[in-house]
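Note that ligands are numbered from 1 as they come in the structure, with each ligand's atoms numbered from 1 the same way. What's counted below: heavy atoms across the whole structure, side chains too, no hydrogens, waters or symmetry copies.
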Amino acid sequence: MISNIQIPARFNPPPRLLLGPGPSDVAPAVLRAMAQPLVGHLDPVFVKQMEEIKTMLRAVFITKSDMTFPVSGTGSAGMEFCCVNLIEPGDEVVIGVNGVFGTRMCDVAERCGAKVTKVESPWGQIITPQQIADALKKISKPKFVAVVHAETSTGALTPVEEISRLAHAAGALFLLDAVTSLAGCPVRLDEWNVDAVYSGTQKCLSAPPGLSPISFSPRAMEAATKRKTKVQSWYLDVNLLSSYWGQERVYHHTAPITMNYGLHEALRLVLEEGLENRWQRHEQNHLLLKKGLAELGLEIVSQAGHQLWQLNAVGVPAGVDELTVRKQLLADHNIEIGAGLGPLKGKIWRIGLMGAGSTKENVVTVLEALRKLLKK
Ligand SMILES: Cc1ncc(COP(=O)(O)O)c(C=O)c1O
C-alpha cells in the first residue's frame, strides 16, 4: 500500500551564525559553487577539477606527495581511511588521547585489529614528546604513532614535530588528525615528516561537511601496498582509490560531485587569501575574543601556551547554567556555540572561530550576546 503522508513544507533554515566546533559558516562563494549544475563524475571537466583539487590540497597541506586527495565522507571517514590502510591485524600502534577524537581513533584502530597503546593526558592538556618516548620504549615494532593536532573537544593544540621525530626514530609512521587545524594554523606535512593525515571540510576550510582531505607519504603508501592482508574496507582501500584519483581514472565510486565543487572553491579562497594571512587572521581573532572574554570575567581553560586559535574552550562561571545560555544564544541571537563533552560536559562552552567565521564582527557579536545573557 502506498502511504498517504503529509508532505512537509520546503525546508527553510534560519540564518544561524555557526560559532561552534564545526560546521562553521560556509563562504557564500562556496555555496554558489555548489549550486552549479551537475556534470558526470568522469566528465573531462570534472576530471580537470579533480586534478586542480589535488594540486590545491597539496599547497594547503604543504606537501609534494601525489597521494593527496579528498576521501568521500566526513573527517571520521578520513580517520578510518588512515587506520584501515595502515593497520594489519596484530599491529602495535601508539595513540595520543587527550579528548574525544583520540579516544575515537583508539576505537577505530582496535576495530582494525591493532594492539593500541594509549598515551593519555587530561582533557585540555597536550600530549608531550616525553609521554610518547616513554610509550615507545615498551613496544617492539610500532606501526604508527598518532596524535590529534587540534583537539576540538578541548581546545588544545599539540606540537607535533618532535613526536614525529620520535616515531620515525622508532621505525614507526607518524599519523596526524588535522581535521580542525588545517587552514586555521600551521600544518606543514613535509617539514614535519607526517606520513598520513586526514582533515575535514567543515572547519577552517569553510565548506560543508562531506569530504575528508587526506595525504599519504611515499612511506605510508609503501606500507599500504605491501600489506599481507587485504584492506578490510573496499570503499576506503587506498589501492583502489588511487586508481580513481590517479591518472587511470578507473571507476571506483561516484564522487560526491557537488561537494567537490564546494571544496574546489573553498581551496581557491584559502590560497587567494594566502595560508599565512589566514593563520594570522585566526590568531588575531582568537586574541580579540580572549581579551573580550576576560572583560566579561571569563577565561579560556585549555592549557596556557597551547590554546587553539580556531576553537576556544571557555570555562562556564560558577552559578551559570551552561545549557540555558547556549539555548538562549540560539533562540534569541541565532548564534550556535558548542557544549563541553565527556569530563568537560557542563564545564565549558566551545566557541569556534573557523575559516570564514573567524572575523572581528563575529567576535564582537558573540561577546555582546554573552554579555547580555550573563547579565540576566
Ligand atoms: C579533531 C577532529 N577529528 C575528527 C573529527 C571527526 O570528523 P567528522 O565529524 O567530520 O566525521 C572531528 C569532528 O569534529 C574533529 O574535530
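- At least one N/O-N/O distance between Q202 and ligand 1 falls below 3.5 Å.
- The backbone of A150, and not its side chain, has at least one atom closer than 4.0 Å to an atom of ligand 1 (non-hydrogen atoms only; backbone = N, CA, C, O).
- Interface atoms of ligand 1 facing T180, defined by a heavy-atom separation under 4.0 Å, are 16 (O).
- Remark: ligand 1 atoms within the under-4.0 Å shell around heavy atoms of T152 are 1 (C), 2 (C), 15 (C), 16 (O).
- Close approach to D177 involves these atoms of ligand 1, each under 4.0 Å from a residue heavy atom: 1 (C), 2 (C), 3 (N), 4 (C).
- Each of the following atoms of ligand 1 lies closer than 4.0 Å to a heavy atom of R104: 6 (C).
- Of all heavy-atom pairs between V100 and S153, the closest is N-OG, 3.0 Å.
- Each of V93, V145, V94 was checked for a side-chain contact (heavy atoms from CB on, under 4.5 Å) with I139, and the lone residue meeting it is V94.
- For W234 and H253, the ring centers sit 6.0 Å or farther from each other.
- The nearest protein atom to atom 12 (C) of ligand 1, hydrogens excluded, is given as F101 CE2, 3.2 Å; this is a heavy-atom distance.
- Ring centroids of Y198 and F216 are separated by 6.0 Å or more, keeping the two rings apart.
- Between R16 and D25, the shortest heavy-atom distance links the atoms O-OD1, 3.7 Å.
- The closest approach between a heavy atom of E151 and any atom of ligand 1 is not below 4.0 Å.
- Of all non-hydrogen atoms in L267 and V60, the two that sit nearest each other are CD2-CG2, 3.9 Å.
- Proximity to K203 (heavy-atom distance under 4.0 Å) selects the following atoms of ligand 1: 13 (C), 14 (O), 16 (O).
- Taking a 4.0 Å cut-off on heavy atoms, G99 fails to register as neighbouring ligand 1.
- When the options Q130, Q131, K138 are evaluated for a side chain to side chain donor-acceptor pair (under 3.5 Å) with D134, the one that passes is Q130.
- Here the two rings, on H41 and Y244, have centers that are under 6.0 Å apart.
- Residue S76 approaches ligand 1 through these ligand atoms, each under 4.0 Å from one of its heavy atoms: 6 (C), 7 (O), 8 (P), 11 (O).
- Where the criterion is an N or O separation shorter than 3.5 Å, residue side chain and backbone included, G75 meets it with respect to ligand 1.
- Using a 4.0 Å cut-off between a side-chain N of Lys or Arg and a carboxylate O of Asp or Glu, E368 and R371 qualify as a salt bridge.
- Ligand 1 does not have H149 within reach: every non-hydrogen atom of the residue lies 4.0 Å or more from it.
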